Amino acid sequence: MADHKNHAGHAEEHFREKHLMLDPLPRGQMNDMVMESMHTTSWKFWVVFAILSAIVGYGLFYSWGTMIAEGLGIAGVNRPSYWGIFLVNTVFWIGISHAGTFISAILRVFKAEFRRPFTRAAELMTTFGLVQAGFSVFMHMGRVWLAYWLMPYANQRMLWPNLHSPLTWDLLAITTYLLSSTMYLFLPLIPDLAMARDRSTGWRKTFYKTLALGFRGTEGEWAHLRNAMNIFAFAIIPVMFSVHTIVSWDFAAATRPGWNSSIFGPYFVVGALHSGMGAVIMVLAVVRATMKHMKYFIRPEHFDAIAKLMLIISMAWAYFFFNDYMVQWYGGDKWTHQLLHFHEAGPLGWMWFAMLIFNIAIPWAVLWNQKWRSTPWIVFIVGFFINIGMWFERYIIVPISLSINRMPFTWRMYEPGVEIPLGIGTLAFFILLYMGASKLIPLIPVWEVEEGQMAHELKKFGRETVVSVSELE
Amino acid sequence: MADNISGNENSGSVSLLAVFPDLGPAADAIEKLRDLGLSDDQMNVISGIPATEAMLGRPNQWTNVPRLAAGGAVLGFFGGAFLTFVSPFLYPVPIQVGTQGIVPGPPTVVVLFELTMLGMLLSTFLGVFLDSYFPNYRPMEYVKEISDGKIAVFFICPGENCEKFTKAMTALGAEKVEAAEVFHL
C-alpha cells in the first residue's frame with residue numbers, strides 16, 4: 001500500500017516537473033521572472049548587438065544605398081535570371097513569418113495547450129520576418145522611391161495598378177498579412193504591457209504606460225479582447241494560406257517549365273510552415289539558453305511538441321515535392337526534362353541533393369526519437385538545417401530554374417553581387433529586431449500561462465494519474 | 001455594464017474595492033453584494049486573467065466587436081469591388097490582358113477576399129479600441145495587485161451601510177476592503 005502511495009507521489013512530481021501547466025507559480029512571481037528576464041542584460045548581449053548593428057549598417061543600409069545610387073546593375077540579376085536572391089529572400093522571409101500565425105492562431109483554434117508560453121515569441125517572428133520580406137521586395141524593385149506606384153490609386157497618368165497581375169495580389173496579401181499579424185501580436189500583449197507598466201519606473205514606465213493604453217482588466221476590456229482574439233485567430237488562418245499561395249502564383253501563373261504547376265500553392269504553404277517551424281524552434285532554443293528564467297517557461301515538452309509538428313510538416317513537404325516532381329517528370333516535355341536534369345546534375349546539383357537531405361533525411365532521422373526531440377540543441381541543429389534546405393529550395397526555384405529556358409542562346413548562370421551583403425543584412429536585422437524586442441516586450445504571455453495553469457490538473461483513474469484539462473472559455 | 005463606477009459624494013455613497021485572492025471568493029462576493037441590494041450595474045470586477053461572466057456569475061458583457069468586424073468586412077468588400085469592377089473602367093482605354101475579360105473572374109475573387117479580410121481585421125482591432133475607450137490615460141480606479149493575479153470587486157455602497165458591506169466582504173475572504181483610489185495608470 002505504502003509503495004502504491006509513493007509511486008503515485010512520484011508520478012505527480014514527475015508530471016509537475018515535466019509540464020509547465022502543472023507546475024504553477026504565484027502570478028506575481030511569474031511576473032517578476034518575466035520582468036527580470038527583460039532587465040537582465042549581460043555584456044555578451046551588447047557585443048552581439050554591436051556586431052549585428054555593424055552588419056546591418058554595412059549589409060543593409062550602406063549596400064542598399066550604394067545600389068540605389070548606382071542602380072540594379074551592381075546586382076547579379078540579368079538575362080535570363082531577372083529574379084535572384086532578392087526574391088529568394090522574399091519567399092524565405094514570408095515563409096518564416098508563417099510559423100507565428102500557425103502556432104498562435106491554428107493552435108489557439110484547436111486549443112493546443114502547449115502553445116501558451118511561446119505564442120508571442122512566434123508572433124514576433126511573423127512581424128519581423130515580414131519586415132525583411134518587404135525590404136527584400138523593395139530591393140528587387142530597384143527604383144524603390146517609386147514603390148508607391150503599387151498602391152491602388154490612380155497615379156499622375158491616371159493609371160491604376162493592373163489587378164490581373166499576381167504581383168498586385170502580392171501587395172494586397174502581404175499588406176493584409178503584415179497589418180493583421182501586427183495587430184494580432186499587439187492585442188494579447190496589452191495585458192502584459194499593463195503588468196509591465198505596474199512594475200516599471202522611468203522611461204520604461206512611460207513606454208509601457210503608453211502602449212498599455214490604460215488597460216485595467218475590467219470585465220468589458222477582457223470581453224472585447226477575447227472576442228477580438230477569437231475573430232483574429234479564425235480569420236488570420238485563411239489570410240496566412242492566401243499569402244503564400246499568392247506568392248506561389250507569382251511563379252505558377254507563368255507558363256515556364258518547373259513553375260507552371262497547379263500544386264505550387266499548397267507546396268509553398270507547407271514549405272513556409274517547414275522553414276517557419278524550424279525557425280521557431282531555433283529562436284526558442286536561443287531564448288531558453290540565453291534569457292533568465294526562461295527554463296521555467298520553455299521546457300523540453302515544448303520542444304518535443306514543436307518537433308513532432310516539424311516531423312509531420314517535413315513529411316507533408318516531401319509529399320508535395322514528390323507530387324510536383326512526379327507530374328513534371330512524367331509529362332515528357334523536353335524543356336521540363338532539361339530543367340529537372342539541370343537541377344540534379346547541373347553545376348549546382350549539390351544544392352538540390354542538400355535540399356532533400358536537409359528537409360527530409362535529417363528531420364526524419366532525428367525527430368522520430370522523443371529524447372532527441374526534447375533536447376533543445378539537437379532540435380536547434382535540425383531547425384538550422386531545415387532553414388538552409390528551404391532557402392536552397394527557393395534558390396533552386398528562382399534563379400536556378402531561370403538559368404535555362406526554351407532559348408538556349410540565353411542560358412547563363414546567375415552570379416549574385418550586392419545581393420549577398422543585402423541578404424546577410426536582412427538576416428542580421430531580423431535578429432537585431434528580435435534581440436531589441438526581447439528587452440522591451442514580455443516574451444512570455446504571463447496571463448495566458450496562468451490561465452492554462454488554472455485549467456490543468458492531475459486526475460486519478462484507478463491507480464493511474466493523468467493530466468486533465470478544463471475548457472475555460 | 002459600466003466599466004467605471006464611482007460613488008456620488010453628494011448622496012453619501014462610496015466606491016469601495018475588495019481584493020480577493022481567487023475567482024471563487026470573488027464570485028461569492030458578487031452574489032453577496034446582490035443579496036445586500038446592489039444591482040449588477042453598481043459593481044465591476046477587475047482581474048489579471050480573462051475571467052468569464054459565467055465564472056463570476058455576472059451578466060453577459062455587451063461587446064460591439066463582432067458587429068464592427070462584420071461592418072469592416074462589408075466595407076472592405078466594397079473597397080475590393082471598387083478596385084475590381086470600377087477601376088478598370090477609369091482608364092481612357094480599358095486594359096485587355098490576354099484573353100481575360102476587363103473584369104476577370106479569378107483575380108476578382110483574390111482581390112475581394114484580401115480586402116474583405118483586411119477590412120474585417122482592421123475594424124476588429126479598432127473595435128477593441130472603441131469599445132474599451134482605448135487609449136485612456138485618465139486617472140482610474142485600480143490596484144496594482146490585479147496584475148499579480150488578484151481579483152478586485154469594485155462596488156458602490158450607500159454611505160450609512162459601508163461597514164456591513166466591508167464585514168461581508170472580509171468574511172468571504174477579501175484580503176483588503178478599502179475606498180477605491182484613482183491612479184494615473
Side-chain angles (χ1 to χ4, degrees), chain A residues 26-28 30-31 152 154 158-166 168-169 172-173 175-176 179-180 183-184 186-187 190-191 194-195 197-199 209-210 212-228 231-232 235-236 238-239 242 246 249 446-447 450-451 454 472-473, chain B residues 1 3-4 44-53 55-56 58 61-66 69 83-84 87-88 90-92 95 97-98 100 104 107-108 110-111 113-115 117-118 120-122 124-125 127-129 131-138 140-142 144-149 185:
Chain A
R27 171 70 177 273
M30 287 198 287
N31 287 341
M158 283 310 290
L159 297 178
W160 289 74
N162 177 9
L163 295 166
H164 298 249
S165 163
T168 313
W169 311 339
L172 296 175
T175 307
T176 301
L179 287 173
S180 43
M183 292 185 285
Y184 191 46
F186 184 67
L187 285 178
I190 295 173
M195 176 277 287
R197 169 199 67 199
D198 293 347
R199 292 164 173 271
K209 180 184 163 176
T210 309
L213 306 168
F215 180 87
R216 291 185 297 157
T218 63
E219 295 164 283
E221 287 169 351
W222 279 118
H224 309 318
L225 264 187
R226 223 174 29 227
N227 266 283
I231 293 171
F232 263 89
I236 209 168
V239 172
S242 76
I246 290 173
W249 291 341
V446 188
W447 66 269
E450 191 194 2
E451 192 188 31
M454 280 168 58
L472 294 183
E473 287 175 29
Chain B
M1 194 65 51
D3 265 6
N4 301 305
N44 196 3
V45 181
I46 300 189
S47 62
I49 52 157
T52 61
E53 297 90 337
M55 287 176 196
L56 293 165
R58 296 271 285 158
Q61 289 289 318
W62 176 262
T63 175
N64 286 308
V65 171
L83 283 181
T84 51
S87 76
L90 296 176
Y91 285 95
I95 289 181
V97 176
Q100 295 177 10
T108 299
V110 174
V111 175
F113 171 78
E114 293 300 338
L115 285 178
M117 298 309 277
L118 180 61
M120 180 166 80
L121 292 169
L122 272 175
T124 303
F125 186 71
V128 175
F129 278 62
D131 266 7
S132 304
Y133 302 102
F134 288 155
N136 176 10
Y137 302 117
R138 285 175 295 148
M140 304 291 281
E141 293 148 330
Y142 188 64
K144 288 184 177 175
E145 289 97 316
I146 289 162
S147 58
D148 283 343
L185 295 179

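Predicted model only: the values in this text are computed from it and were never measured. Protein chains get the first letters and strands the later ones, always in sequence-line order, with residue 1 at the start of each. Heavy-atom basis, side chains included; hydrogens, waters and symmetry copies ignored.
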Heavy-atom contact with chain A under 4.5 Å, split by part of V110(B): side chain

Bottom line for I49(B): the part with an atom under 4.5 Å from chain A's heavy atoms is both

Are side-chain heavy atoms of [X] and [Y] found at a separation under 4.5 Å?
X	Y	value
L121(B)	Y184(A)	no
T52(B)	R226(A)	yes
W222(A)	P191(A)	yes

Can you list the residues that meet the side chain to side chain contact (heavy atoms under 4.5 Å, CB included) rule with D198(A), with sequence neighbours excluded? Y142(B), K144(B), S147(B)

Among all residues two or more places apart in sequence or in another chain, which pass the side chain to side chain contact (heavy atoms under 4.5 Å, CB included) test with T175(A)? L171(A), L179(A)

Under 4.5 Å from a heavy atom of chain B, the part of [X] involved:
X	answer
F215(A)	both
P238(A)	both
T210(A)	both
M454(A)	side chain
W447(A)	both

Considering all heavy atoms of both residues, which atom of [X] and which atom of [Y] are nearest to each other, and what is their separation?
X	Y	result
E451(A)	P50(B)	OE2-CG, 3.3 Å
R27(A)	G149(B)	CG-N, 3.5 Å
A173(A)	I246(A)	CB-CD1, 3.7 Å

Out of [options], which one racks up the most heavy-atom pairs below 4.5 Å with chain B?
options	value
N162(A), I236(A), N227(A)	N227(A)
V239(A), L225(A), V446(A), I190(A)	V239(A)
G28(A), A212(A), A194(A)	G28(A)

Please rank E114(B), E53(B), M117(B) by heavy-atom pairs under 4.5 Å with chain A and give me the top one. E114(B)

